[in-house]
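Since this is a predicted model, take the numbers as computed values, not measurements.
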Amino acid sequence: MPAPLIEMRGISKSFGAVMANEAVDLSVAPGEILGLLGENGAGKTTLMNVLFGAYAPDAGEILVEGRPVTINNSADALAAGIGMVHQHFHLAPRLSVLENLLIGIPGKSGRIDRAGGLARLAEIGHQHGLTLDPDLPVSALSIGEQQRLEIVKALFRGARLLILDEPTAVLAPTEVDGLFSALRSMAAQGLGIIFISHKLNEVRALTHRCVVLRHGRVTGRVDAPASTTSSEMARLMCGHEIVPPARGPSTPGAAVLTLDGISTSRHSGMALRDVSLSVRAGEILGIAGVSGNGQRALAEVISGVRAPDAGRMTIAGKSVSRFSPREVQALGLGRIPEDRMTTGLVTNLPLADSMVLPRIGTGAFSRNGLLRPDAIHAFAEEQIKAYDIRCPGPMTRAGALSGGNLQKALLARELAFDPKVLIVSQPTRGLDIGAARFIHEKFLDMRARGCGIVVIGEDLEELLMLCDRIAVMYEGCIVGTLDSADATIARLGLMMTGAEGHS
Amino acid sequence: MFRLEARTSTPAWFNLALPLLAIGATLVLCSGLIALAGAGVIEAYGVMFAASLGDSYAITETLVRATPMIFTGLAVAVAFRAKFWNIGAEGQLLAGAVASCAVGAIPMPGPLAMLLMALAGAAAGAAVALIPATLRVKFKVDDVVSSLLLNSVIFYALMALIEGPWKDSFSGYPISPPIEDSANFPVLLEGTRLHLGVVAAFVAAPVIWFLIARTTLGFRIRVIGENPEAARYGGIHVERVLISTALLSGALAGLAGVSEVGGVHFQVMSDISPGYGYSGIVVAMLARLNPLGVMPAALFLAAVMTGAEAMSRATGVPAFLSDVIQGTALLAMLVALLFTAYRIRRVGAA
Ligand SMILES: Nc1ncnc2c1ncn2[C@@H]1O[C@H](COP(=O)(O)OP(=O)(O)O)[C@@H](O)[C@H]1O
Ligand SMILES: [Mg+2]
């Protein structure tokens with residue numbers, strides 16, 4: 001066994017009363033892919049930030065190739081050969097790929113070494129299949145490409161250990177495969193990799209060894225992830241068994257949402273072309289598809305943020321005329337947006353404000369133009385309790401909540417008004433198993449109570465588990481709808497490429 | 001070695017501590033300038049304090065000074081809450097002054113005149129603020145630039161008026177005809193200049209606080225400022241709220257002009273505002289955009305202004321120090337605001 005590339009010994013770090021890391025030991029050997037596993041808030045990011053020099057640990061030491069080092073900032077970390085791809089990227093959007101790569105790299109006699117940069121970029125791209133167009137501005141890159149650039153940036157700066165903080169949370173399933181093959185290729189060349197995720201199947205497929213964190217402490221080490229069962233790992237992560245919810249039979253009622261020949265103009269992203277669908281009471285309809293095939297436009301039309309150019313929509317039998325958020329809400333539609341942080345909530349204001357935002361003008365929260373602070377506070381408090389939203393209280397800044405708690409808050413603010421139909425995009429993206437399970441159970445609950453639900457998603461396993469029927473979108477059209485009894489991942493995958501139509 | 005670490009929450013006492021810190025830092029920094037001008041620092045600040053807050057007459061003078069800055073501070077605070085970058089309170093103030101002067105010159109019963117002056121001034125200020133807001137909503141024109149440049153336009157329009165049709169034909173000075181005596185705001189304390197407008201300003205601040213904190217319009221203003229996308233998704237008409245904010249902001253700045261015409265100058269001249277509109281930005285920032293905080297912040301700047309003149313007379317330090325203090329206070333506050341987002345942490349030597 002080679003000497004560890006990096007070793008962390010007895011690392012502790014607290015934020016006020018929160019022990020984010022407690023006596024954590026961890027090491028990575030050259031050529032090894034180490035999985036760092038844990039639920040949201042387990043302390044994974046904090047631990048890696050300590051390694052990367054963003055936080056000073058309260059206790060413990062870091063050794064690089066056996067020598068103790070002090071890492072005070074990212075420059076120290078890079079000098080020690082440690083590179084990190086953060087959950088939120090650190091790129092300059094207006095600069096090109098090459099310029100981003102060369103930021104902070106001293107060139108020859110004060111001039112930027114463009115040619116040298118291009119050559120290295122091509123070399124790295126060739127070695128690991130991480131190709132990028134050097135002249136494209138970063139703002140024109142997809143999320144997956146931006147992530148690729150972050151990885152290349154780290155390699156460019158001579159990283160021998162690469163930390164990836166939940167890299168797959170932002171990727172479509174197809175992009176995940178590309179990332180994994182690049183990581184395997186890098187490991188084969190002797191790089192150490194720390195891969196953070198809470199998705200067990202990914203960790204089992206990719207890593208050589210895992211460390212599991214819970215409440216800041218190491219609760220388990222797995223030496224052979226590929227041959228360890230998911231439920232065993234889930235138990236280490238959550239501290240208890242996780243049982244998938246069962247979707248019982250249901251007897252759908254009348255249609256509560258219908259779209260008839262809906263088309264939109266190409267405004268931003270893929271337009272809709274003649275989309276028709278219907279959801280009945282007590283039914284969950286999944287919308288599958290590779291992202292960028294019109295799902296966003298569909299969600300926007302149904303949510304009343306964008307009016308279609310043609311077509312009709314009804315909610316609970318009533319025709320929608322103005323396609324405004326207020327109108328669709330008043331007709332009984334509940335909405336949960338894809339992007340919690342930017343569309344769902346106001347991160348800088350108290351959580352209570354976000355929880356009443358869509359219905360602030362209704363009698364529940366205001367009267368004659370005056371807010372009812374007591375009613376708002378009571379509503380938020382009630383939902384925090386009912387949905388077990390972990391936060392100090394309604395006045396907490398919404399941005400301080402974790403993803404799972406934010407999603408619960410968004411769910412609570414809709415379900416409190418007993419919607420007849422619910423539209424939700426990517427309901428569990430970025431959530432850990434426990435939080436995802438909670439959300440799934442709520443959906444099945446609503447279904448049992450006669451709510452019609454539309455779930456737009458990319459995770460086919462999730463859709464198959466939740467949905468009664470699954471419609472597949474391709475290039476702005478619905479190319480087919482399957483009963484989930486007849487649907488398989490393979491069949492849906494094929495339809496998502498536009499290869500098979502079925503109705 | 002020290003470094004900045006991101007904070008997840010800001011303690012409540014920061015709201016008070018930060019402005020005080022900024023003011024303290026400002027006074028320390030400016031003491032260097034006083035020393036450079038050859039005066040004793042303690043003595044100079046002593047004179048400033050005595051002249052602005054030392055006796056009851058000085059206090060009333062400071063209150064009178066603070067009044068227009070409370071209005072412009074409120075105007076800026078409201079606008080900035082919605083992230084409508086209204087740098088045009090100065091022009092809106094001038095527009096309000098001109099409109100109220102025109103109305104005040106028409107003979108009519110006093111109370112009616114005062115009411116109409118206020119309405120006309122508020123409307124004029126609102127109309128001016130509507131321009132950058134509309135340009136932003138309709139054509140995405142940067143509101144900082146448009147509202148700032150409008151200040152010059154309004155100023156020269158005012159000059160054209162008092163050099164032209166309003167020019168005092170008798171003396172030949174570029175000043176407007178005075179308003180009717182009956183339209184002069186009543187003085188509340190015999191022997192001082194404490195006028196009705198001062199009370200109006202101190203009433204306006206809590207009213208605006210209530211509007212922002214307790215009404216649906218205020219809620220919408222806060223939300224569109226923090227996250228317009230979430231606001232739109234939540235069913236708020238972002239553009240409409242932005243326009244309402246601009247109208248409110250402009251009206252408040254216009255009232256600053258009304259109060260100066262009705263309570264202090266009784267006519268319009270070119271130097272009716274020594275930059276009260278710009279001071280409003282400093283006031284709003286010191287107040288952390290809280291309408292209630294606008295009152296003490298405006299009082300501080302007013303005290304500096306009244307005090308600086310006396311200090312200049314007594315010690316020979318140029319009265320420009322007042323401008324330097326204002327500017328430094330703004331910069332100090334902007335630096336202090338950093339501490340709401342970051343904390344300083346000591347780390348071991350590298
Ligand atoms: N800068 C910070 N200030 C205060 N608390 C923090 C900070 N960063 C993380 N925490 C807390 O530390 C814990 C671990 O967080 P984190 O490392 O982000 O977890 P993970 O990455 O595993 O989801 C959480 O309870 C989180 O709220
Ligand atoms: Mg994390």
Side-chain angles (χ1 to χ4, degrees), chain A residues 15-16 18 49 53-57 70-73 75-76 300 303-306 324-330 335-337 339-350 353-354 356-362 365-373 376 392 395-401 413, chain B residues 1-12 14-15 80-83 207-241 244 248 288-290 337 340-350:
Chain A
F15 297 106
V18 180
N49 274 330
Y55 297 133
T70 311
I71 299 175
N72 274 325
N73 49 46
D76 291 355
E300 285 179 357
S303 307
V305 251
R306 178 207 279 224
S324 73
R326 287 186 214 182
E327 183 192 22
V328 297
Q329 253 168 218
R335 312 131 75 222
I336 298 176
D339 199 327
R340 302 188 263 275
M341 286 289 205
T342 60
T343 321
L345 298 143
V346 188
T347 49
N348 266 335
L349 293 181
D353 287 359
S354 286
V356 300
L357 169 56
R359 291 180 177 78
I360 193 62
T362 67
F365 304 121
S366 66
R367 203 156 282 164
N368 305 322
L370 297 185
L371 297 178
R372 301 172 58 202
I376 292 172
M395 296 312 288
T396 313
R397 229 171 49 83
L401 270 67
R413 87 173 177 189
Chain B
M1 203 174 89
F2 296 93
R3 71 148 178 259
L4 294 174
E5 235 179 55
R7 273 179 193 282
T8 46
S9 65
T10 325
F14 267 47
N15 289 328
F80 282 17
R81 274 294 177 97
K83 298 224 163 64
V207 167
I208 296 299
W209 173 84
F210 184 85
L211 185 123
I212 293 288
R214 291 291 157 82
T215 68
T216 48
L217 176 63
F219 183 93
R220 293 184 173 125
I221 288 175
R222 283 182 275 140
V223 171
I224 69 162
E226 290 293 346
N227 186 347
E229 197 183 325
R232 195 165 284 126
Y233 184 84
I236 294 174
H237 295 283
V238 175
E239 289 75 21
R240 208 180 286 172
V241 176
S244 309
L248 178 63
R288 299 206 57 201
L289 307 189
N290 181 334
L337 284 176
T340 60
Y342 299 95
R343 74 176 88 226
I344 293 183
R345 205 186 141 92
R346 200 192 182 111
V347 294

Flag the pair A:L357 / B:V223 as yes when at least one side-chain heavy-atom distance between them is below 4.5 Å, and no otherwise. yes
Interface check, chain B: of A:V356, A:N368, A:I71, A:L349, most non-hydrogen pairs under 4.5 Å belong to A:L349
Residue, of A:T347, A:V328, A:N348, A:D339, that accumulates the most heavy atom pairs under 4.5 Å with chain B: A:N348
Residue A:S303 versus chain B: region with a heavy atom under 4.5 Å: side chain
Assert top hit (heavy-atom pairs under 4.5 Å, partner chain B, pool A:G304, A:S366, A:A54, A:G361) equals A:A54
Can you confirm whether B:R214 sits close enough to A:R372 that some side-chain heavy atom of one is under 4.5 Å from a side-chain heavy atom of the other? no
Spatial distance of atom OG (A:S324) from atom CZ (B:R232) [nearest 0.5 Å]: 13.5 Å
At a 4.5 Å cut-off on heavy atoms, which part of A:R413 comes close to chain B: side chain, backbone, both, or neither? side chain
So do B:T216 and A:F365 actually touch side chain to side chain, heavy atoms under 4.5 Å? no
Contacting region of B:R222 [heavy-atom separation from chain A under 4.5 Å]: both
Checking side-chain contact (heavy atoms from CB on, under 4.5 Å) for the pair A:R326/B:H237: CA distance, chi angles, key distance, verdict? CA-CA 11 Å; A:R326 287 186 214 182; B:H237 295 283; 3.8 Å; yes
Looking at OG1 of B:T215 and CD1 of A:I360, how far apart are the two atoms once the value is rounded to the nearest 0.5 Å? 10.0 Å
Distance check, rounded to the nearest 0.5 Å: A:T343 atom OG1 versus B:Y233 atom OH? 7.5 Å
Side chains of A:L370 and B:F210, heavy atoms from C-beta outward: is any pair under 4.5 Å? yes
Whether the side chain of B:N227 engages the backbone of A:L345 through a donor-acceptor N/O pair (distance < 3.5 Å, no angle test) should be reported. yes
Scanning both residues in full, the closest heavy-atom pair of A:P325 with B:G234 reads CB-C, 4.3 Å
Between A:P337 and chain B, with a heavy-atom cut-off of 4.5 Å, which part of the residue counts as in contact: side chain, backbone, both or neither? both
